[in-house]
There are 2 protein chains.
Amino acid sequence: MTTDSDTPWLTDQEQRAWRTHLDVSRLLMHQLERDLQPFGLTNNDYEILVNLSEAEGRRLRMSDLAAGTLQSKSRLSHQITRMENAGLVRRESCESDRRGLYAVLTDEGWETMRRVAPHHVASVRKHFIDLFTPEDLNALQSSLTPVAEHLRERRGGL
Amino acid sequence: MTTDSDTPWLTDQEQRAWRTHLDVSRLLMHQLERDLQPFGLTNNDYEILVNLSEAEGRRLRMSDLAAGTLQSKSRLSHQITRMENAGLVRRESCESDRRGLYAVLTDEGWETMRRVAPHHVASVRKHFIDLFTPEDLNALQSSLTPVAEHLRERRGGL
DNA sequence: GCATATTAATTCACCTTTCAACTTTCACGG
DNA sequence: CCGTGAAAGTTGAAAGGTGAATTAATATGC
């Protein structure tokens, strides 16, 4: 992104693809958020629950959780505080590194996860997955993976 | 999203595709934001500029602009206030409907757009468009379009 | 014509995110 | 060991976003 007078403009086709991608991202997040609302969770809450429930001992170091959910440490810290107040997680100090903390899923958090997950999956299917043929989904996955890798390489401080 | 004990879980393939899509959305927005930062603009600012600069008379009614950028009227109102303070747009009242307002691109806004657009395009190319083969981009576009339509149909109040 | 409903846009109060500053603990070179 | 720098995590203030309530103007039905 330097002084490029030589970068070609987007063709119509490229422009359409780009805007469609943008629209889908945004509308989809909105819709998922809406579908979670009745359960009193946000997308962020839900993603934390997923990450923790899949982890060893239903716990993760704050840093790892931040990395896993692609958010800043600061943001995660606030987020976990809120979820702690809601009774979904608790902080537990780490023996091996006394600077460190674990975010641990509470029983209530686990139970919430079990209860909400099927609805969320249904939502993801309905508004995304099931709208593709299996072949298209495969194609999507293969063409998007390099993009994800490219972006992960050059992501600085979240 | 009712009482679905019958919705199948996501297969591994589906899960991978879904998470890849999520990661790309997030990382990409972050990267674009970073690339705009040196010009003192956010993604939101930029999108407003695009919409206005493409419009008749470089102006749009607040409502239309909100619809075009998929944000709530409230959010747009704040956003325009900020951009007005930055000198990029100005509000102008509407003759034919005295409730209405136009957001109008100022000369400075237009000039900013002209100056920044090539860099933004380069950024979009570098981190997204140019990472696909033309065929993949076409496939992406065709498989994503129905998703966008599906979501637009059922989007309530933003 | 006049009450009623709708639409455009803003405002207010509240919540979330960001950014920089700070505390505590660990790593490691001499 | 011990100082110096880096890492883990938190905090607080400022900026941004949300949703409901509000204001003002227009449309609608009788």
Side-chain angles (χ1 to χ4, degrees), chain A residues 25-27 29-34 36-38 40-48 59-86 88-104 155-158, chain B residues 26-27 29-34 36-38 40-48 52 59-86 88-104 155-158:
Chain A
S25 302
R26 259 180 298 196
L27 291 167
M29 286 310 135
H30 252 290
Q31 184 62 53
L32 296 184
E33 194 93 46
R34 276 234 293 265
L36 277 175
Q37 213 152 302
L41 294 178
T42 65
N43 279 333
N44 283 341
D45 295 334
Y46 188 83
E47 202 186 3
I48 302 284
R59 74 187 50 219
L60 281 174
R61 288 288 295 270
M62 293 299 278
S63 294
D64 297 336
L65 188 50
T69 56
L70 302 174
Q71 39 190 335
S72 70
K73 289 174 164 212
S74 169
R75 176 174 168 184
L76 180 66
S77 195
H78 289 300
Q79 172 77 27
I80 292 295
T81 300
R82 270 173 259 140
M83 294 180 74
E84 207 168 17
N85 292 334
L88 298 170
V89 301
R90 99 186 87 89
R91 282 183 234 244
E92 223 168 82
S93 57
C94 173
E95 279 310 303
S96 61
D97 183 344
R98 258 170 306 183
R99 291 168 299 184
L101 287 178
Y102 285 104
V104 188
R155 109 187 135 88
L158 301 231
Chain B
R26 258 179 298 196
L27 291 168
M29 285 311 134
H30 253 290
Q31 184 62 52
L32 295 185
E33 194 92 47
R34 276 234 293 267
L36 277 176
Q37 212 151 305
L41 294 179
T42 65
N43 279 332
N44 284 340
D45 294 335
Y46 188 83
E47 202 185 3
I48 303 284
L52 289 180
R59 72 188 52 220
L60 281 174
R61 289 287 296 269
M62 293 298 279
S63 296
D64 298 336
L65 188 49
T69 56
L70 301 175
Q71 43 192 331
S72 70
K73 289 172 161 217
S74 169
R75 177 173 167 183
L76 180 67
S77 196
H78 290 301
Q79 173 75 30
I80 293 296
T81 300
R82 269 173 259 139
M83 293 179 74
E84 206 168 18
N85 292 333
L88 299 169
V89 301
R90 99 186 88 90
R91 281 183 235 244
E92 221 167 85
S93 56
C94 173
E95 278 310 303
S96 60
D97 182 343
R98 258 170 305 183
R99 293 168 299 185
L101 287 178
Y102 286 104
V104 188
R155 105 189 137 90
L158 298 239

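The model shown is predicted, which means the values in this text are computed figures rather than measured ones. Computed over heavy atoms, backbone and side chain alike; hydrogens, waters and symmetry mates excluded. Sequence lines set the chain letters: A, B, ... in the order given, protein chains first and strands last, and positions in each chain run from 1.
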Produce the list of close N/O pairs, under 3.5 Å, pairing protein atoms with atoms of nucleotides 12-16 of chain D; give distances to one decimal.
unit_1: dG12(D); atom_1: O6; unit_2: His78(A); atom_2: NE2; d: 2.9

Output a table of nitrogen or oxygen pairs between the protein and nucleotides 24-26 of chain C separated by less than 3.5 Å.
unit_1: dT25(C); atom_1: O2; unit_2: Arg99(A); atom_2: NH1; d: 3.4
unit_1: dC26(C); atom_1: OP1; unit_2: Arg98(A); atom_2: N; d: 2.9

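Separating the CD1 atom of Ile80(B) from the P atom of dA8(C) is a distance of 16 Å, rounded to the nearest angstrom. Separating the CD atom of Glu84(B) from the P atom of dT10(C) is a distance of 9 Å, rounded to the nearest angstrom. Atom CG in Asn43(A) sits about 15 Å away from atom C1' in dT17(C), given to the nearest Å. Rounded to whole angstrom, the span from the CE atom of Met29(A) across to the P atom of dT17(C) amounts to 14 Å. Spacing between atom CZ of Arg59(B) and atom C1' of dA8(C) amounts to 17 Å, rounded to whole angstrom units. As rounded to whole Å, 12 Å separates atom P of dT18(D) from atom CG of Leu76(B). Atoms CG (Leu41(A)) and P (dT16(C)) sit 12 Å apart, rounded to a whole Å. With rounding to whole Å, Glu33(A) atom CD is found 13 Å from dG19(D) atom C1'.
When base pairs are accepted only as Watson-Crick or G-U wobble with both N-N or N-O distances under 3.5 Å, DNA chain D takes part in stems of 3 or more pairs at C:1-30 with D:1-30.
How far CG of Leu41(A) is from CE of Met83(A): 7.0 Å, rounded to the nearest 0.5 Å. From Tyr102(B), atom OH reaches atom CG of Leu52(B) across 12.5 Å, with rounding to the nearest 0.5 Å. Note that CE of Met62(A) is 4.0 Å distant from CG of Leu76(A), once rounded to the nearest 0.5 Å. Note that the CG atom of Leu36(A) and the CG atom of Asn44(A) stand 10.5 Å from one another [nearest 0.5 Å]. One distance of note links CZ of Arg26(B) with OG1 of Thr69(A); it measures 7.5 Å at 0.5 Å rounding. Between Leu32(B) atom CG and Leu27(B) atom CG the span is 11.0 Å, to the nearest 0.5 Å.
Counted within 6.0 Å of CZ on Arg155(A), heavy atoms from surrounding residues, nucleotides or ligands total more than 12; the atom is thus considered enclosed.
The side chain to side chain contact (heavy atoms under 4.5 Å, CB included) test with Leu101(A) is passed by exactly one of Ser63(A), Ser77(A), Cys94(A), Ser93(A): Ser93(A). For the side chain to side chain contact (heavy atoms under 4.5 Å, CB included) with Ile80(B), the qualifying choice from Leu88(B), Asn85(B), Leu65(B) is Leu65(B), the only one to do so.
Take the nearest nucleotide of DNA chain D for His30(A) and for Lys73(A): the residue whose nucleotide is more 5' is Lys73(A).
Residues forming a ring pair (Phe, Tyr, Trp, His ring centres under 6.0 Å) with Tyr46(A) (at least two apart in sequence, or on another chain): His120(A). In this structure Glu84(A) satisfies the salt bridge (Lys or Arg N to Asp or Glu O under 4.0 Å) test together with Arg91(A), sequence neighbours excluded.
Dashed line: the shortest gap from a side-chain N or O of Arg61(A) to OP1 or OP2 of dG9(D) is under 4.0 Å.
Residues of residues 62-69 of chain B having a heavy atom closer than 4.0 Å to DNA chain D: none are found.
The closest side-chain donor-acceptor pair between Gln79(A) and Arg82(A) falls under 3.5 angstrom.
Using a 4.5 Å heavy-atom cutoff, the side chains of Glu33(A) and His30(A) are not in contact. Arg34(B) is listed as a side-chain neighbour of Gln31(B), based on a closest heavy-atom distance under 4.5 Å.
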